[in-house]
Amino acid sequence: MTLRLVTWNINSIRVRLDHLARVVQEINPHVLCLQETKVTDGLFPRAEVEALGFSHQHIYGIKGYNGVAILSRLPLTEPARHDWCGRQDGRHVSAYLEGGGGKRLEIHSLYIPAGGDVPDPEANPKFAHKLEFLKQTMAWFRKHGRNSGPMILGGDLNVAPLKTDVWSHKQLLGVVTHTPVEVAHLARLQDSASWTDAVRSFIPPEERLYSWWSYRARDWRKNNRGRRLDHIWVNEPLRGSLAGAQVMTSARDWKRPSDHVPVVVDLKL
DNA sequence: ATGGTCGCTTGGCGA
């Protein structure tokens, strides 16, 4: 079988249920990793999501902001919540996907802190939190990755690592999401479990690629000042299974869009 | 250079 996984910062699942339905209709994934669901678990639209075919739901929401989920057509087992930096803030969940080609895949949905405006951990506690979050997740994956089987991670990692992941490398070197210290931290996270950047294994690094465009631009398409903040990574056991990748840019043009678009990867299992 | 827009916890915060 070919397993299709989407990661998407949906920026409120309640506001964008119709968009979720459209993603399901047009892309037909087996698994969705969502970020910024922005809803407590009691108010999560479980029935509506189940009606779309996703009866297996592992959710971790808090009031007002953040919130992550793994939604699946196939069974999910051993659902886990991961908390970092001493906060219970709905940024990381994992579960095992059962039955994909007889394999058992470990899935992670991750929402790394945005980091505020000033890229200085001394002056800006949000930036300090972002760097510390990256350190704690990399330490965990370094240990955990040693004896894990096939793993796939989808998330809003809030870092655009490559020059071609931003509209202007030069102009964004001092802007949070593209500073050298964040890129170095993300590289260490990527190294922690020998992750492969699944999307960039199909869309070459020379090619500009974005997954987020600010709401504040008057015309996002015309300015095209995007950044690639949303990523899908696979570990070594899945590297040979990679079968395709795409970024659903069209979703940014829908009515009342998220500022992020869905990112899709196919795995031949 | 500043402010521009969303969604949430109704109003300031986080992005």
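Convention: sequence-line order gives letters A, B, ...; per-chain numbering from 1.
Looking only at side-chain heavy atoms (C-beta outward), A:H144 and A:E106 come within less than 4.5 Å of each other. Proximity of A:C85 to A:Q136: side-chain heavy atoms (C-beta onward) are separated by under 4.5 Å at one or more points.
Using atom C1' as the reference point in both B:dA15 and B:dG3, the two lie 15 Å apart (nearest Å). Between B:dC6 and B:dT2, the two P atoms lie 23 Å apart (nearest whole Å). Nucleotides B:dG14 and B:dT9, compared at atom C1', are 11 Å apart to the nearest Å. Of the P atoms belonging to B:dT10 and B:dG4, the separation is 23 Å, rounded to the nearest Å. The separation of B:dT5 from B:dG11, taken at their C1' atoms, amounts to 16 Å, rounded to a whole angstrom.
Among A:L32, A:V68, A:I59, A:T37, the one residue that satisfies the side chain to side chain contact (heavy atoms under 4.5 Å, CB included) test with A:S109 is A:V68.
Following rounding to the nearest Å, A:N9 (CG) and B:dC6 (P) show an atom-to-atom distance of 15 Å. Straight-line distance from the CD1 atom of A:I10 to the P atom of B:dG7: 12 Å, rounded to whole Å. Distance A:H129 NE2 to B:dG14 P: 12 Å, rounded to the nearest Å. Here the P atom of nucleotide B:dT5 and the CG atom of A:D259 are 14 Å apart, to the nearest Å. Between A:N11 atom CG and B:dG7 atom P there is a gap of 6 Å when expressed in whole angstrom units. If you measure from atom CD1 of A:I112 to atom P of B:dG14, you get 19 Å, rounded to the nearest angstrom. For the pair A:D156 CG and B:dG14 C1', the computed distance is 13 Å after rounding to whole Å. Between the CD atom of A:E36 and the P atom of B:dT9 there is a distance of 13 Å, rounded to whole Å.
The residue among A:T37 and A:H260 whose nearest nucleotide of DNA chain B lies closer to the 5′ end is A:T37. Along DNA chain B, the nucleotide nearest to A:G115 and the one nearest to A:L43 differ in position, and the one closer to the 5' end is contacted by A:L43.
Residue-level contact check: A:R91 touches the backbone only, with heavy atoms under 4.0 Å from sugar-phosphate atoms and none from bases.
With no hydrogens or angles considered, a side-chain donor-acceptor pair links A:T7 and A:Q35 at under 3.5 Å. With 3.5 Å as the limit, one finds no donor-acceptor pair spanning the side chains of A:D89 and A:W84. With 3.5 Å as the limit, one finds no donor-acceptor pair spanning the side chains of A:E206 and A:T164.
Using a 4.0 Å cut-off on heavy atoms, the residues of residues 209-224 of chain A that approach DNA chain B are A:Y215, A:R216, listed by number.
By the 30° and 60° cut-offs, the orientation of the rings of A:H260 relative to A:W212 is tilted.
The side chain of A:K38 sits closest to B:dG7 out of B:dT9, B:dG7, B:dA15.
Of the side-chain N and O atoms in A:K63, none sit less than 4.0 angstrom from OP1 or OP2 of B:dC8.
Qualifying side chain to side chain donor-acceptor pair (under 3.5 Å) partners for A:S72, counting only residues two or more places apart in sequence or in other chains: none.
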